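Below is one structure, written out as structure tokens; the observations come after it.
Predicted model, so just to flag it, every value in this text is computed and none were measured. Both backbone and side-chain heavy atoms feed into the values below; hydrogens, waters and symmetry mates do not.
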Amino acid sequence: MNDYDITLGPLFDGLEKMDLAEVKKVSDHPWFNRTLCAVNQSLVRLGVFEGEFHWHVHEEEDELFFVVDGRLEIEIEGRDPIVLLPQQGVMVPRGVRHRPLAPDGATVLMVESSSIVPTGDAED
């Protein structure tokens, strides 16, 4: 298993102000994410990434990546990578094997179903 710092419980409740700069300070791990809040049956997460994640798939859930700062590449099995710059995003549909990469670091908002396993249903 790869080493990541992932916390699933929401940091904020309704009507609580969120400060992304403060959340980014909660870990010095090169690849971490925190669940900011729950919105209906979805979770909004902040990822601070440097390096690469492993290849994985979410069989039952779609996953949205939206770059706040930095550069994120999403490698997709059988396709050219998708390169995202600040204020750009992509939704990876369920069942699509993918691998996020942030060679120079990126801060990313993710929106996912509350049932998702962040590390994926299958991995290498």
Side-chain angles (χ1 to χ4, degrees):
M1 178 65 185
N2 295 294
D3 180 36
Y4 310 113
D5 180 2
I6 298 172
T7 302
L8 300 178
L11 295 175
F12 301 95
D13 289 321
L15 303 178
E16 282 189 77
K17 185 163 98 174
M18 298 175 216
D19 185 329
L20 298 187
E22 290 300 312
V23 176
K24 286 176 65 171
K25 295 178 187 177
V26 302
S27 179
D28 61 358
H29 195 282
W31 197 283
F32 79 91
N33 80 43
R34 294 295 183 268
T35 301
L36 297 175
C37 64
V39 180
N40 300 314
Q41 303 305 311
S42 296
L43 300 175
V44 178
R45 293 194 168 115
L46 180 72
V48 179
F49 305 149
E50 186 170 350
E52 61 186 53
F53 208 64
H54 60 274
W55 282 99
H56 66 285
V57 64
H58 305 285
E59 293 294 349
E60 302 298 324
E61 300 97 355
D62 302 329
E63 184 174 29
L64 173 76
F65 294 91
F66 188 85
V67 175
V68 176
D69 61 51
R71 180 177 188 265
L72 182 69
E73 298 176 30
I74 308 285
E75 290 186 336
I76 305 291
E77 190 171 60
R79 291 186 47 166
D80 289 337
I82 298 168
V83 176
L84 301 172
L85 301 174
Q87 300 187 35
Q88 295 180 331
V90 68
M91 188 274 289
V92 177
R94 68 193 73 183
V96 173
R97 194 162 183 265
H98 61 287
R99 177 172 79 147
L101 304 158
D104 299 314
T107 303
V108 179
L109 285 174
M110 295 164 290
V111 178
E112 307 167 329
S113 169
S114 60
S115 63
I116 204 167
V117 175
T119 55
D121 299 329
E123 60 182 85
D124 287 346

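For Glu112, the side-chain hydrogen bond (donor to acceptor under 3.5 Å, both in side chains) partners two or more places apart in sequence, or in a different chain, are Arg45. Applying the ring pair (Phe, Tyr, Trp, His ring centres under 6.0 Å) rule to Phe65 yields no partners; only residues at least two apart in sequence or on another chain are considered.
Counting heavy atoms from C-beta on, the side chains of Pro118 and Phe53 never come closer than 4.5 Å. Using a 4.5 Å heavy-atom cutoff, the side chains of Ile74 and Glu63 are not in contact. Looking only at side-chain heavy atoms (C-beta outward), Leu36 and Leu20 come within less than 4.5 Å of each other.
Annotation: the span from Arg99 atom CZ to Ile76 atom CD1 amounts to 11.5 Å, rounded to 0.5 Å. Atom OG of Ser115 is separated from atom CG of Leu43 by 8.5 Å, given to the nearest 0.5 angstrom. Atoms CG and SG, on Leu46 and Cys37 in that order, are 11.0 Å from each other to the nearest 0.5 Å. Separating the CD1 atom in Ile116 from the CD atom in Glu59 is a distance of 11.5 Å, to the nearest 0.5 Å. The CZ atom of Arg34 sits 10.0 Å away from the CG atom of Leu8 when rounded to the nearest 0.5 Å. With rounding to the nearest 0.5 Å, the separation of NE2 in His29 from CD1 in Ile6 is 9.0 Å.
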Let me check something: any side-chain donor-acceptor pairs from residues 80-95 under 3.5 Å, sequence neighbours excluded? List them with distances.
| unit_1 | atom_1 | unit_2 | atom_2 | d |
| --- | --- | --- | --- | --- |
| Gln88 | OE1 | Leu85 | N | 2.8 |
| Arg94 | NE | Asp62 | OD1 | 3.2 |
| Arg94 | NH2 | Asp62 | OD2 | 3.3 |

